[in-house]
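Input: a single structure, listed below in structure tokens.
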Amino acid sequence: MLTAAGVEYDVRGWGQEVRTDEYSVAVAKSFADAERTLGMAGSLAAASPFQHRTWLGTWFETAGRHPHVVPLVASIRDEARGQLAMVLPLIELHQNGRILIEFADLGVTDYNAPLLGPAAPHCVAGARKLWAALKRHLPKADAIRLTKMPGVIAGRPNPLALLSASQPSSLHGNVLKLASYDEFKRDRGRTYRKELERSWRVFERLGGTEFRRVTDVESALGVLRRIEEQQERRIRGLGLPYILDTPDIANFYRELVIGGLGSGYTVMTVLLAGEEVVAALLGVRDDGVFSMVRISNAGEAWKPCSPGRLVITRTIELLSAEGCGCFDFTIGDYEFKRRLGGERLKLFELTQARSWRGLPMAAEASLKGHLRRHPRLAKWSRQLFQRRAAGPRLMMAQS
């Protein structure tokens with residue numbers, strides 16, 4: 001039994017349960033049971049904004065309904081202490097003839113992580129025991145692939161990042177912590193402040209301009225459509241594929257606005273020139289942490305006023321006045337995130353083979369992780385590859 005808000009929940013009926021000396025594991029394998037497990041965990045566990053009940057509930061109702069996805073939400077309990085240790089929002093994904101177990105993500109979620117209960121282990125030995133108990137109960141698969149994991153969740157260590165099998169990720173977050181908006185401006189320096197003031201003056205000269213927080217659903221959905229159009233135009237203009245318009249993913253963002261705007265979890269801000277959306281920002285907020293999800297602007301015509309920077313800094317000013325002290329610009333190695341003061345947040349990944357089909361994937365992940373731990377070796381291997389690749393090109397050029 002697990003207890004939340006004075007109500008007891010029996011997780012044994014939500015999935016087949018296996019007991020070890022220290023941990024019991026129950027895995028929900030239907031959408032209804034997965035949502036019930038996550039709903040219970042929300043009042044017991046610490047999580048990042050991307051494991052908030054609104055985010056995960058929306059994900060499983062939309063993007064998670066992909067025909068090749070089976071929910072696998074694991075609830076792990078410390079039997080000795082009689083407390084929840086962890087809830088893992090996982091899926092079974094059938095892809096290219098292989099079965100993978102990974103986080104409920106499909107490219108939508110910036111950070112993947114467990115929800116940590118009171119009994120979550122905070123040392124390597126405890127993390128190993130929990131991981132062993134979990135693996136014994138997960139269904140057959142070719143590989144377990146866990147990506148984009150922060151090392152710390154709500155100030156507590158992520159047990160999965162403590163495992164020796166975890167490797168540094170090639171991706172990283174970008175986090176800004178501040179005490180006030182005045183501190184933010186002061187820390188950026190005089191030159192940056194002057195640039196920001198100039199950008200705002202250029203924008204205001206156009207007339208009929210304003211910064212606004214969008215609070216009604218209908219207006220927010222209209223702004224979301226403009227974000228979609230602006231992002232698609234920019235990405236396709238770079239010659240890159242645009243996947244955010246697939247029905248399940250597009251519906252995820254719409255439902256995130258519909259379900260989260262009223263509670264304040266979903267935040268939408270916009271720069272307007274008359275009726276035109278010059279720039280817009282969609283993010284999520286959990287307690288004092290705001291995480292950027294999608295941002296767009298109207299393109300080259302507005303470049304002189306740096307609309308992206310304006311909508312971000314105005315949002316920081318707005319939310320910091322409401323007590324928000326952490327602004328996460330999330331994944332993406334962009335210069336503007338560093339100029340805004342974002343510091344790198346290390347992320348981790350873990351890939352383990354469970355059949356011969358998963359061996360190449362696990363070997364590749366291990367090699368890449370090893371190279372990231374040893375930058376000199378990575379540099380040497382890149383140079384060697386470039387020299388070998390240059391040989392055939394040189395021979396062809398001389399023939």
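In what follows, residues are counted from 1 in the order of the sequence shown.
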Go through the side-chain N and O atoms of Q230 and S296 and say whether any donor and acceptor fall under 3.5 Å apart.
-> yes
Answer yes if the side chains of T269 and T315 hold a donor-acceptor pair under 3.5 Å, and no otherwise.
-> yes
Counting only heavy atoms not in E204, do more than 12 fall under 6.0 Å of its CD?
-> yes
For atom CD of E275, is the number of surrounding heavy atoms from other residues, nucleotides or ligands below 6.0 Å larger than 12?
-> no
Is the shortest heavy-atom distance from the side chain of [X] to the side chain of [Y] under 4.5 Å?
| X | Y | result |
| --- | --- | --- |
| P118 | L84 | yes |
| Q352 | R145 | no |
| D286 | F50 | no |
| E102 | E92 | no |

Any idea how F336 and F329 line up, ring-wise: parallel (<30°), tilted (30 to 60°), or perpendicular (>60°)?
-> tilted
NZ/NE/NH1/NH2 to OD/OE distance under 4.0 Å, [X] and [Y]:
| X | Y | answer |
| --- | --- | --- |
| E300 | R234 | no |
| E228 | R226 | no |
| E61 | R65 | yes |
| D245 | R236 | yes |

Report yes or no: does R285 contribute a side-chain atom to a donor-acceptor pair with the main-chain N or O of D287 at less than 3.5 Å?
-> yes
Establish, yes or no, whether the cationic atom of R205 lies under 6.0 Å from the six-membered ring centre of W200 and within 45° of the ring axis.
-> no
Taking the six-membered ring of Y181, is the NZ or CZ of R186 close enough (under 6.0 Å from the centre) and on axis enough (within 45°)?
-> no
Are V152 and F348 co-members of a hydrophobic cluster defined by side-chain heavy atoms under 4.5 Å apart?
-> no
Dump the intermediate steps for ring pair (Phe, Tyr, Trp, His ring centres under 6.0 Å) on F103 and W59, then the final yes or no.
-> CA-CA 11 Å; F103 279 111; W59 191 93; over 10 Å; no
